[in-house]
Amino acid sequence: MLHSGTHPTYTALRSLLEPLLKFNHVPLHILSYVPIFQCLTGHNLSKLGQQIHAHMILRGLEPNAFLAAKMVAMYGSSGDLFSAMTVFDKINYPTVILYNSIIRACARYGYYEKAIGIYFRMHSLGLKGDHFTFPNVLKSCADLSSVWMGKCVHGQSLRIGFEFDMYVGTSLIDMYVKCGDSTDARKLFDKMTMRDISSWNALIAGNMKDGEISVAEDLFRTMPCRNIISWTAMISGYNQNGLADQAFCVFEEMLKKDSNVKPNWVTIMSVLPACAHSAALERGRRIHDFASSIGLDSNVCVQTALVAMYAKCGSLVDAFRCFEGIPRSERSLVSWNTMITAYASHGCGMECLWTFEDMIRAGIKPDTITFTGLFSGCSHSGLVDVGLKYFNCMNTVYSVKPRVEHYACIVDLLGRAGRLVEAKELVDRMPIQAGPSIWGALLAACRSHHNLEIAEIAARMLFVLEPENSGNYVLLSNMYAEAGLWKEVDNLRALLKCQGMKKSPGCSWVEVNGKAHLFIGGDTSHPQAKEIYMLLDMLLEALPGEDKGSWLHT
DNA sequence: CTAGGGTTAG
């Protein structure tokens with residue numbers, strides 16, 4: 001926005017607007033408006049643009065295709081797609097520039113189908129796309145992961161002669177990569193005469209997405225030069241593939257060896273998950289300190305990623321401290337969701353509810369993730385009726401339609417509280433097809449509350465829905481064993497054997513003073529195993545209430 | 001105009 005009278009845009013705009021204001025009664029030529037809209041583009045000034053637009057209408061001025069392109073770009077750049085479309089639709093003889101502006105606006109704000117649709121209309125009118133058109137159309141195909149559409153556009157770009165354009169080439173690589181067709185992306189890359197650093201980066205990201213880590217590493221090593229995006233692609237690629245240590249090492253290597261690159265907020269966000277899943281709290285703190293040292297700790301995305309990192313490392317205190325550090329007015333939907341989820345995973349149901357209510361007060365509209373977080377928080381704290389209350393009004397009050405994952409949470413909520421009959425009834429009358437997550441939640445609840453009758457129903461559904469998941473057979477078999485139904489146990493064991501399955505053992509580990517301690521389900525190989533099991537027994541004794549069984553299994 | 005991106009139950 002224009003904050004002060006000294007802002008360059010402001011001064012430029014004033015000199016442009018002067019004739020408009022001075023000669024209010026003199027009809028100006030429409031082309032006088034061109035520099036005005038150009039000036040407003042990219043500064044989030046669509047409100048001001050609208051006023052000038054109104055000024056035109058009052059004077060009875062209709063934009064031609066050239067001016068309309070500038071107006072569409074102005075509205076489009078600030079996300080006002082509605083106004084952009086209105087201007088666009090009124091033009092009878094559109095030009096390529098006008099099409100480019102509207103396609104770009106649609107592609108930038110996620111209206112991918114619209115962007116592609118408009119492109120095809122343009123094509124059918126005999127207008128040829130140029131090197132501004134194709135990258136935006138291809139980006140839309142990429143984000144919809146529609147190879148079919150992408151190949152069609154690819155063909156048209158070849159016919160028009162953009163085979164050797166670097167931007168179009170890179171966009172094509174990106175499109176094939178995002179559609180999961182890395183082979184075609186590679187072919188294109190090998191054929192390119194001029195390669196940009198972005199072409200390499202797109203291919204690296206693609207191979208990382210496919211789990212082709214060594215191919216990505218080769219590309220990274222052999223590329224002529226690397227920028228911050230190349231490094232970040234490697235870091236986030238390792239994290240996507242669960243290779244946290246490699247991600248962290250590459251991050252450190254980048255800091256040590258490549259002094260030409262400067263880490264930015266995306267880099268920090270990409271490296272943080274490397275400490276968010278094991279007991280790597282110290283590593284997380286180091287990255288936090290580093291982010292602060294280069295002034296990136298005031299970025300909302302970084303702050304939100306820090307909240308998630310601390311929560312996953314087990315430090316709810318630090319997570320909350322980071323959340324509190326985000327100015328209220330800057331907290332995004334994702335920030336609130338992250339904090340709610342953090343409380344939920346730490347079993348703080350009440351705090352989940354307070355945070356949710358606070359979010360509503362702050363004027364942020366909840367989404368589907370907000371509610372999964374909220375319900376799982378209620379579920380872990382036994383806040384059954386509050387959870388149900390929110391579930392029943394999520395659509396009417398907050399206009400978020402319940403989805404499968406919400407039903408799964410509610411089944412879990414009822415199930416943990418032992419209200420299995422209600423849970424089963426909910427599954428029976430839910431409007432969506434119940435999948436493995438639903439039946440799985442029900443089966444787990446039956447296990448901890450020893451309800452064999454409903455467990456059998458859920459298990460049979462799961463045997464059909466995911467026959468390869470051995471856990472379901474084992475769970476039911478254990479329940480039969482508990483009830484002393486040895487014949488049924490044998491039947492299930494036989495079934496399991498003839499399908500050639502083995503339950504993969506459960507395992508966990510902790511890091512103490514930098515040394516990892518590994519535990520496999522039922523194993524006693526740890527040097528202090530005896531003491532550990534004794535302590536576990538003591539903990540179980542000390543636990544309050546009826547629900548001890550389920551603690552062991554969650 | 002192209003490349004890297006924070007939140008999802010158990």
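Residue numbering restarts at 1 for every chain, and letters A, B, ... go by the order of the sequence lines. The figures that follow rest on heavy atoms only: side chains count, while hydrogens, waters and symmetry mates do not.
- The neighbour count for A:E357 CD, taken as heavy atoms of other residues, nucleotides or ligands under 6.0 Å away, is above 12.
- The side chain of A:R104 sits closest to B:dC1 out of B:dC1, B:dT8, B:dG4.
- Between B:dG4, B:dT7, B:dA9, one nucleotide has an atom nearer to the side chain of A:K209 than all others, and that is B:dG4.
- Rounding to whole angstrom units, NE2 of residue A:H288 and P of B:dG6 are separated by 18 Å.
- Residue A:C322 comes nearest to A:H288 through the heavy atom pair SG-CE1, 3.8 Å, listed as atom of the first residue, atom of the second, then distance.
- Separating the CE atom of A:M269 from the C1' atom of B:dT7 is a distance of 12 Å, rounded to the nearest angstrom.
- Checking B:dG10, B:dC1, B:dA3 against the side-chain heavy atoms of A:R416 singles out B:dG10 as nearest.
- Looking at the side chain of A:I197, the nearest of the listed nucleotides B:dG6, B:dC1, B:dA3 is B:dA3.
- Among the heavy atoms of the strands lying under 4.0 Å from A:S332 is at least one base atom, whether or not backbone atoms are also near.
- Within the 4.0 angstrom heavy-atom criterion, base atoms lie near A:N227.
- For A:Y119 and A:Y99, the ring centers are positioned 6.0 Å apart or more.
- Straight-line distance from the CG atom of A:L413 to the P atom of B:dG10: 11 Å, rounded to whole Å.
- Atoms CG (A:D412) and P (B:dA9) sit 11 Å apart, rounded to a whole Å.
- Between B:dA3, B:dT8, B:dT2, one nucleotide has an atom nearer to the side chain of A:K312 than all others, and that is B:dT8.
- Here the side chain of A:Y167 is nearest to one of B:dT7, B:dA3, B:dT2, namely B:dT2.
- Between the C1' atom of B:dA3 and the CE atom of A:M175 lies a distance of 15 Å, rounded to the nearest Å.
- Between B:dT8 and A:H406, no contact under 4.0 Å exists linking OP1 or OP2 to a side-chain N or O.
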Practice task
Kindly determine whether A:W200 and A:F220 satisfy ring-ring contact (aromatic ring centres under 6.0 Å, His included), including the steps that lead there.
Solution key: CA-CA 8 Å; A:W200 291 84; A:F220 184 72; over 10 Å; no
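- For A:D196 against B:dA3, no side-chain N or O and base N or O form a donor-acceptor pair under 3.5 Å.
- For A:F132, counting side-chain heavy atoms from C-beta on, the closest listed nucleotide (B:dT8, B:dT2, B:dC1) is B:dC1.
- Side-chain proximity of A:T267 to B:dA9, B:dA3, B:dG4: nearest is B:dG4.
- Note on A:V300: a base of the nucleic acid sits closer than 4.0 angstrom, heavy atoms only.
- A donor-acceptor contact under 3.5 Å is formed by the side chain of A:N264 with the base of B:dG4.
- Centroid-to-centroid, the aromatic rings of A:F371 and A:Y398 come within less than 6.0 Å.
- Side-chain atoms of A:T338 stay outside donor-acceptor range of the base of B:dT7, with no qualifying N/O pair under 3.5 Å.
- The aromatic rings of A:F120 and A:H123 lie perpendicular to each other, with more than 60° between the two planes, well past the 30° mark.
- Minimum atom distance to the side chain of A:T372 is reached by B:dT8, of the listed B:dT8, B:dC1, B:dG10.
- Here A:A205 lies in heavy-atom contact (under 4.0 Å) with sugar-phosphate atoms only.
- Taking atom CD of residue A:Q303 and atom P of nucleotide B:dG6, one finds them 16 Å apart after rounding to whole Å.
- The ring of A:Y310 has its center no closer than 6.0 angstrom to the ring center of A:F320.
- The side chain of A:A202 lies closest to B:dA3 when the candidates are B:dA3, B:dT8, B:dC1.
- Atom C1' of nucleotide B:dC1 and atom CZ of A:F162 are separated by 11 Å, given to the nearest angstrom.
- Between the CH2 atom of A:W200 and the P atom of B:dA3 there is a distance of 18 Å, given to the nearest Å.
- Note on A:S335: a base of the nucleic acid sits closer than 4.0 angstrom, heavy atoms only.
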